[in-house]
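One structure below.
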Amino acid sequence: MARINPVKENETPPSVKQAFEKHVTEYKARITNMKATLGHSLPAFEIYMQWYVLYDEIEKILGKRMAYLFAYSISFSSNCPLCSTFFRKIIIDAGERPENLELTPEEERILEFGSAIAASKGNISDLVFNDVAALYTQQEMVVLIAFAGQMIATNVFSNVIETDIDEYLSAYLPVAKTTL
C-alpha cells in the first residue's frame with residue numbers, strides 16, 4: 001500500500017487538473033498512480049513530466065525499441081517494481097519477453113550502460129562509459145546520461161512512496177519464483 005495516496009480527482013486543485021489535462025492531451029498518456037501522487041505538488045508534477053521530453057530525445061538517438069529497453073534496464077537495476085512493470089508491458093506488447101531479449105553486442109552495451117548507471121549510482125567504470133561513448137556524440141551522451149538520471153529519479157520517487165501498481169499493469173508483473 002502506498003505511503004502517500006494519489007490525489008483524488010475531486011480534491012485536485014484547478015492548476016493541477018489543468019496540468020493533468022495538458023499532459024494527457026500532449027503525450028496521449030494516462031494519469032497513473034505515480035502521476036496522481038505527484039499531483040500533490042504542481043512543481044513536482046511538472047518537473048517529473050519533463051521525463052517525456054528527454055524520452056523523445058532518447059527515441060531519436062536510440063530508436064523506439066532501444067529507448068524503452070534502455071529505460072527498462074535502468075528501472076530494473078533500480079529495483080523499481082512500478083517502472084519495471086511499465087516497461088515490461090511495452091516490451092511484451094511489442095512481442096518480446098523481457099527475460100529473453102535478442103540483442104546485438106552494441107545493444108547489450110547500451111543496456112549495460114543504463115543498468116550500470118542505476119546499479120552503481122552513477123559511478124560507472126571507464127570501460128562501460130567508453131564502450132558507449134565510442135558510439136555516440138558528446139551531445140547524445142549528455143542526453144543518455146540525463147535521461148538515466150531522470151529515470152532513476154522516477155524510480156526513487158516510486159520506490160520511496162511505494163506507489164501502488166496501476167491495475168492496467170498487473171497482468172505484466174513478473175512471475176514470482178518460489179522455492180520448495
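Keep in mind that this is a model prediction, so the values were computed, not measured.
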Output all residues satisfying side-chain contact (heavy atoms from CB on, under 4.5 Å) with [X], sequence neighbours left out; order by chain, then residue number.
| X | answer |
| --- | --- |
| Thr85 | Ile165, Leu169, Tyr172, Leu173, Pro174 |
| Ile90 | Tyr68, Phe86, Phe87 |
| Asn100 | Arg97 |
| Lys28 | none |

Report the residues that fulfil salt bridge (charged side-chain N to carboxylate O under 4.0 Å, His left out) with [X], sequence neighbours left out, ordered by chain and then residue number.
| X | result |
| --- | --- |
| Glu57 | Lys60 |
| Glu26 | none |
| Glu46 | none |

Subject >> Ser115 versus Ser73, side-chain donor and acceptor atoms under 3.5 Å >> reply: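 Looking only at side-chain atoms, Ser115 and Ser73 do not form any donor-acceptor pair under 3.5 Å.
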Which heavy-atom pair separates [X] from [Y] by the least distance, and what is that distance?
| X | Y | answer |
| --- | --- | --- |
| His40 | Pro6 | NE2-C, 3.8 Å |
| Ala133 | Met141 | CA-SD, 3.7 Å |
| Ala118 | Ile152 | CA-CD1, 3.7 Å |
| Cys80 | Asn159 | CA-OD1, 3.3 Å |
| Ala67 | Leu62 | N-CB, 4.1 Å |
| Tyr55 | Ala71 | CE1-CB, 4.5 Å |

Sequence neighbours excluded, every pair satisfying salt bridge (Lys or Arg N to Asp or Glu O under 4.0 Å) that has a member inside [range]:
| range | answer |
| --- | --- |
| residues 74-94 | Arg88-Glu99, Lys89-Asp93 |
| residues 141-165 | Arg3-Glu162 |
| residues 101-127 | Arg65-Glu107 |

Are the side chains of [X] and [Y] in touch, meaning some heavy atoms are under 4.5 Å apart?
| X | Y | result |
| --- | --- | --- |
| Ile117 | Phe129 | no |
| Phe157 | Ile4 | no |
| Arg30 | Tyr168 | yes |

Subject >> Those residues that, when tested against Phe70, pass ring-ring contact (aromatic ring centres under 6.0 Å, His included) (two or more places apart) >> reply: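 Partners of Phe70 under the ring-ring contact (aromatic ring centres under 6.0 Å, His included) test: none.
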Subject >> Results of ring-ring contact (aromatic ring centres under 6.0 Å, His included) for Tyr52 - residues two or more places apart only >> reply: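 Per chain and number, Tyr52 pairs via ring-ring contact (aromatic ring centres under 6.0 Å, His included) with His23, Tyr27.
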Same cluster (ILVMFWY, side-chain, under 4.5 Å), [X] and [Y]:
| X | Y | value |
| --- | --- | --- |
| Val142 | Val132 | no |
| Ile92 | Met66 | no |
| Phe113 | Leu127 | no |
| Ile47 | Phe147 | no |
| Val24 | Leu42 | yes |

Approximate separation, where rounding is to 0.5 Å, of [X] [atom1] and [Y] [atom2]:
| X | Y | atom1 | atom2 | answer |
| --- | --- | --- | --- | --- |
| Thr12 | Gln18 | OG1 | CD | 13.0 Å |
| Leu54 | Ile145 | CG | CD1 | 12.0 Å |
| Leu69 | Leu101 | CG | CG | 5.5 Å |
| Ile58 | Glu140 | CD1 | CD | 9.5 Å |
| Thr154 | Lys35 | OG1 | NZ | 10.0 Å |
| Leu82 | Asn33 | CG | CG | 7.5 Å |

Subject >> Evaluation steps, side chain to side chain contact (heavy atoms under 4.5 Å, CB included), between Ile61 and Val143 >> reply: CA-CA 9 Å; Ile61 295 167; Val143 173; 3.7 Å; yes
**OP:** Begin with the C-alpha distance, continue with both residues' side-chain angles, and end with the deciding distance and a verdict on side chain to side chain contact (heavy atoms under 4.5 Å, CB included) for Thr37 and Val7.
**Re:** CA-CA 6 Å; Thr37 304; Val7 67; over 6 Å; no
Original post:
Step by step, would you call Ser75 with Asn155 a side chain to side chain donor-acceptor pair (under 3.5 Å)?
Top reply: CA-CA 6 Å; Ser75 298; Asn155 298 156; 3.2 Å; yes
